[in-house]
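First the structure, in the form of structure tokens, and then the observations on it.
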Amino acid sequence: MPKFTKRELDVLSWTSQGKTAWEVSVILGMSEKTVNFHLGNAMRKLGVTSKHQAVLKCVAAGLL
């Protein structure tokens, strides 16, 4: 399993709870673009093409 930054894990955690990028941006106090940047980095590290796949892989690995 790749190493994730705290922000990548924060974004994945809120995404796993069904929050949109905009909602996560409000919760974490960052821009929606920054949320998508962190989500994209996590997806690239996991080798997946969707945020849903990323969340499922992290849940299966016990990270979320």
Side-chain angles (χ1 to χ4, degrees):
M1 187 57 64
K3 293 199 175 211
F4 296 100
T5 66
K6 179 179 179 341
R7 280 305 197 193
E8 288 166 351
L9 289 174
D10 289 343
V11 168
L12 285 166
S13 177
W14 285 109
T15 300
S16 74
Q17 296 179 49
K19 301 296 184 192
T20 65
W22 180 83
E23 291 170 323
V24 174
S25 75
V26 171
I27 292 166
L28 297 179
M30 61 179 71
S31 72
E32 188 175 353
K33 182 177 179 180
T34 302
V35 170
N36 287 324
F37 171 78
H38 290 303
L39 191 53
N41 283 344
M43 289 166 49
R44 181 181 45 77
K45 289 178 182 181
L46 289 164
V48 298
T49 57
S50 77
K51 64 182 182 179
H52 304 290
Q53 289 174 321
V55 166
L56 289 174
K57 262 192 160 177
C58 288
V59 168
L63 292 174
L64 299 178

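Side chains included, hydrogens not; waters and symmetry mates left out as well; all remaining heavy atoms used.
Contact between C58 and L12 at its shortest, heavy atoms only, is SG-CD1, 3.8 Å. The two residues E23 and K19 come nearest to each other via the heavy atoms OE1-CA, 3.2 Å. The shortest heavy-atom contact between S16 and L64 is CB-CD1, 4.1 Å. Pairing each heavy atom of N36 with each of A21, the nearest pair is OD1-CB, 3.4 Å.
By the side-chain contact (heavy atoms from CB on, under 4.5 Å) test, K51 pairs with T15, L39, M43, sequence neighbours left out. Judged as a side chain to side chain donor-acceptor pair (under 3.5 Å), and not counting sequence neighbours, S13 has no contacts. Shown here are the side chain to side chain donor-acceptor pair (under 3.5 Å) partners of K33, two or more places apart in sequence or in another chain: there are none.
To the nearest 0.5 Å, the span separating OG1 on T20 from CD on E32 amounts to 7.0 Å. For the atom pair CE (M30) and CG (D10), the distance works out to 7.0 Å, reported to the nearest 0.5 Å.
The shortest side-chain heavy-atom distance between L46 and P2 falls under the 4.5 Å cut-off. The shortest distance between side-chain heavy atoms of N41 and R44 falls below 4.5 Å.
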Kindly determine whether F4 and K45 satisfy side-chain contact (heavy atoms from CB on, under 4.5 Å), including the steps that lead there.
-> CA-CA 8 Å; F4 296 100; K45 289 178 182 181; 4.2 Å; yes
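A continuous path of ILVMFWY side-chain contacts below 4.5 Å connects V11 to I27, so both sit in one hydrophobic cluster. Note: the hydrophobic cluster containing L63 also contains V24 (ILVMFWY, side chain heavy atoms under 4.5 Å, direct or indirect links). Hydrophobic cluster membership is shared by V48 and L9, with clusters built from Ile, Leu, Val, Met, Phe, Trp and Tyr side chains linked at under 4.5 angstrom. Note: the hydrophobic cluster containing F37 does not contain V55 (ILVMFWY, side chain heavy atoms under 4.5 Å, direct or indirect links).
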